[in-house]
Novice: 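Below you'll find the structure I mean.
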Amino acid sequence: MSFLKRFCRNRGAVLGLVILLAVVAFALLAPTLYPQSPWRPVGRPFLAPFTIERFPLGTDTLGRNIASGLVHGARVSLMIGVVSTLVALLIGVPLGAAAGYAGGFVDDALMRFTEFFQTIPSFALAIVLVAILQPQLGSIVLAIGVVSWPPVARLVRGEVLSLKTREYVQAAVTIGQSTPRIIFSQVLPNTIAPIIVMGSLMIGSAILLESALSFLGLGDPNLMSWGYMVGAGRTRLLDAWWISFFPGFAIFLTVLALNLAGEGLNDALNPRLARGRE
Amino acid sequence: MTISSAIRGRLAAATALGLLGLAASGLPALSQTPKAGGTVHVVVQPEPPMLMQGLNQNGPTNMVAGNIYESLLRYDEKLTPVPSLAKSWEISSDSKVYTFKLQEGVKWHDGKPFSADDVVFSLDKFLREVHPRWRPIANGQVEKIEKIDDLTVKITLKQPFGPLILSQEVAGAPMIPKHIYDGTDYRANPANNTPIGTGPFKLKEWKKGSYIHLVKNEDYWQKGKPNLAEIYWQIIPDAAARAVAYETGKVDVLTGGSVDVYDVARLSKLPNTCVTTKGWEMFAPHAWVTPNIAKGGPLANKQFRQGMMFAIDREFGKDVVWGGLGKLPTGPISSKTKFYSADVPKYAYDVAKAKELIKASGYKGEPLKILALPYGEVWSRWAEAIKQNLTDAGVNVSIETTDVPGWTQKASNGDFDLTFNYLYQLGDPATGVARNYISTNIVKGNPFGNQGAYVNPEVDKLFADAAIAPTDAARQELYTKVQKLLADEVPVLWQLEMDFPTIYRCNVKNLVSTAIGVNDGFKDAWKE
């Protein structure tokens with residue numbers, strides 16, 4: 001059975017993928033749909049949704065178009081989600097691979113280091129990092145990456161531990177391949193499936209983390225992200241619910257879609273596991 | 001339908017707010033006979049660090065302690081002095097000798113009599129040593145302060161100093177009991193925890209983090225005052241929770257600035273609710289954006305600063321960001337203060353003109369940062385609106401955020417390009433305005449001086465001369481000149497004469513009757 005077919009057997013995953021593609025499409029089309037900056041006040045403040053065609057989702061406290069903010073925010077949120085996940089993978093994968101393959105003292109040392117990060121509540125650490133480094137795009141991505149890599153390292157280490165005892169790895173050792181070459185050409189390619197699954201789930205949690213930081217006022221003040229929109233509208237929740245609701249709903253949908261798609265990927269990439277579950 | 005119901009509600013609220021403001025000002029509750037007794041619950045935020053007003057003059061301290069302590073004078077909403085502990089006063093014809101006659105039969109809260117000795121001790125010793133506003137006056141302008149008899153005090157000045165008559169507000173010069181503080185280490189005196197004043201209310205209990213309970217001073221010198229029996233100052237740390245506390249009836253008075261500006265319109269629609277923007281005339285908070293001129297580059301260029309002034313839609317800031325509260329300033333001196341002059345160059349919102357001036361200044365797109373003031377949502381929105389205005393005029397600008405200690409540090413040490421600030425005018429340009437523009441006040445470590453490091457010897461001289469000019473007319477002439485000059489130079493970008501409305505139940509009468517509002521208003525307030 002092909003990969004695609006296995007993926008499609010999971011209806012939720014297909015739904016997730018469709019939502020995700022829609023969000024990505026909105027993000028890509030943002031400059032065409034709303035060429036003006038989403039920060040520009042364009043109408044009367046506090047216009048309710050569905051009352052004026054130009055502002056289908058209404059306007060916020062300063063008369064900014066919420067629909068425009070939403071599509072531009074999709075770019076920011078997705079970009080931060082993907083980039084900070086890449087940062088986490090860049091830290092976690094090499095660390096986990098080194099620990100798993102080397103074993104012994106190196107393994108111990110690296111795992112204690114990982115546990116050190118795991119014992120600190122990740123959101124608190126992210127707040128501290130962003131507050132120290134000033135709230136800017138770079139520091140936010142870095143902070144999310146730094147608090148998200150430990151599970152990656154542990155996953156990769158586990159995979160590598162089991163893979164390094166396989167015959168083909170032993171064979172590679174016997175014919176004298178160098179250690180880095182073995183890791184990169186024999187071991188890591190076989191860990192890609194679980195990393196992809198984990199990565200897709202991590203993008204979702206990174207988007208949530210960024211939203212939470214922005215909500216608390218620790219987002220990049222120059223980027224219109226969904227979390228910022230929720231935070232900026234929260235004081236008006238009673239009389240202008242739409243300011244916070246739409247970006248909040250967008251976060252919900254996107255994270256849900258990422259989780260569904262990630263689940264589907266997991267099923268498709270581990271057919272034996274998936275079958276066992278049925 | 002193009003106008004949503006929410007917007008109509010908002011407009012109605014704004015109109016109601018205006019009407020209520022008028023009603024509160026137009027109908028002083030004098031026609032009715034004040035009723036004695038009653039308890040009023042008021043919010044104070046944040047919790048004051050202490051209530052010893054001689055040692056601390058933070059906003060919340062003044063709100064509570066201004067009803068415990070008293071000074072020689074009070075001021076009505078036109079900033080005209082009226083009697084308080086001084087029954088009457090005389091100013092000599094050369095404007096250098098002030099003679100104050102004191103009220104008779106005044107007692108401290110511990111029962112000891114109040115006399116001229118306490119006044120001399122307060123002004124000449126205690127406040128001269130510890131008070132940041134009185135110290136420069138006492139050291140710079142005053143020659144001597146002496147007791148003539150038990151009820152008469154004479155202040156002799158080195159030269160005429162008009163602002164002296166406005167300096168006797170309760171936070172500016174509270175009377176301190178000599179018998180408790182003389183000869184002690186003022187800051188370490190255990191009596192600081194149990195403030196002893198002469199005021200209409202006494203401290204009964206301070207439950208930290210919860211409330212401050214004041215009770216009527218039964219031996220108050222003015223017969224029949226105060227009317228109220230008790231005041232509870234409720235400490236509620238969250239702005240939304242304060243609004244809810246008013247809605248549910250837990251508090252009767254929301255002091256200026258204690259709820260989100262957006263909540264003002266909503267709360268003012270509630271039944272039995274009155275709103276007034278009065279009671280801030282002494283402070284007249286003035287908000288602006290400070291360009292860091294010391295950094296050089298475009299910010300040091302007058303044309304560039306004028307261009308920014310034309311670029312910013314200040315009406316939008318007032319009407320949309322601040323919900324219509326306040327008034328556009330024309331220059332450094334608030335229109336609520338004496339010596340204001342409207343005869344200055346004006347800056348109406350004009351993007352084309354802004355672009356022209358910015359281009360003429362030789363600006364080449366150097367990146368600039370606005371350091372937002374971390375005082376809540378409204379200030380963040382304001383920074384965003386101004387950033388968009390400046391971007392439209394071709395300025396390459398981004399926003400930088402930080403927390404309160406971070407802002408204080410950056411603003412104090414010149415570590416910013418543009419930042420917000422707002423300061424009290426304190427009734428007289430010599431005390432509340434000059435400090436932001438004179439070159440001698442370019443100091444590190446204080447965010448409320450001349451932070452942009454604007455230097456102009458002519459301005460320095462005009463302010464110095466105006467402070468000691470012998471007559472009000474002479475002072476006015478100099479202040480008119482300096483306003484004209486500064487409005488052209490734009491050392492800071494004036495944005496708003498801020499209004500902090502006080503929201504209260506209409507059955508609390510005569511609450512705001514002076515230039516400092518609730519800070520000393522409970523003496524005359526009563527509850528129906």
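Keep in mind that the numbers below use all heavy atoms, side chains included, and drop hydrogens, waters and symmetry copies. Within every chain, numbering begins at 1; the chains are lettered A, B, ... in the order of the sequence lines, protein sequences first and strands thereafter.
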Novice: Are more than 12 heavy atoms from other residues, nucleotides or ligands located less than 6.0 Å from atom NZ of B:K353?
Specialist: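 No, not enclosed.
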
Novice: Tell me, out of A:G58, A:A232, A:G217, A:A240, who's got the most heavy-atom pairs with chain B below 4.5 Å.
Specialist: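 Looking at each option in turn, the highest pair count goes to A:A232.
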
Novice: Quick one: do the A:E210 and A:S225 side chains pair a donor with an acceptor below 3.5 Å?
Specialist: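 Yes, a side-chain donor-acceptor pair sits under 3.5 Å.
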
Novice: Looking at chain B, which one of A:A131, A:P41, A:G63, A:P221 has the largest number of heavy-atom pairs inside 4.5 Å, strictly under?
Specialist: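 Highest number of pairs under 4.5 Å: A:P221.
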
Novice: Out of B:E377, B:K387, B:Q388, return the one with the most heavy atom pairs under 4.5 angstrom to chain A.
Specialist: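 Among the listed options, the one with the most contacts to chain A is B:Q388.
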
Novice: Apply side-chain contact (heavy atoms from CB on, under 4.5 Å) to residues A:V23 and A:L253 and explain how you reach the verdict.
Specialist: CA-CA 9 Å; A:V23 174; A:L253 269 188; 5.9 Å; no

Novice: Can you tell which part of B:D313 gets under 4.5 Å to a heavy atom of chain A, answering side chain, backbone, both or neither?
Specialist: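 The answer is neither part of B:D313.
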
Novice: Is A:Y228 in contact with chain B via its backbone, its side chain, both, or neither, using a 4.5 Å heavy-atom distance?
Specialist: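 Looking at A:Y228, just its side chain touches chain B.
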
Novice: Decide whether B:W288 and B:T290 meet the rule of one side-chain donor and one side-chain acceptor closer than 3.5 Å.
Specialist: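 A pair is found: one side chain offers a donor N or O, the other an acceptor, under 3.5 Å apart.
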
Novice: Report which part of A:E53 has an atom under 4.5 Å of a heavy atom belonging to chain B: side chain, backbone, both, or neither.
Specialist: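 Contact with chain B: none, neither part.
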
Novice: If you measure only the distance, is there a donor-acceptor pair under 3.5 Å linking the side chains of B:Y422 and B:E497?
Specialist: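 No, no side-chain donor-acceptor contact under 3.5 Å.
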
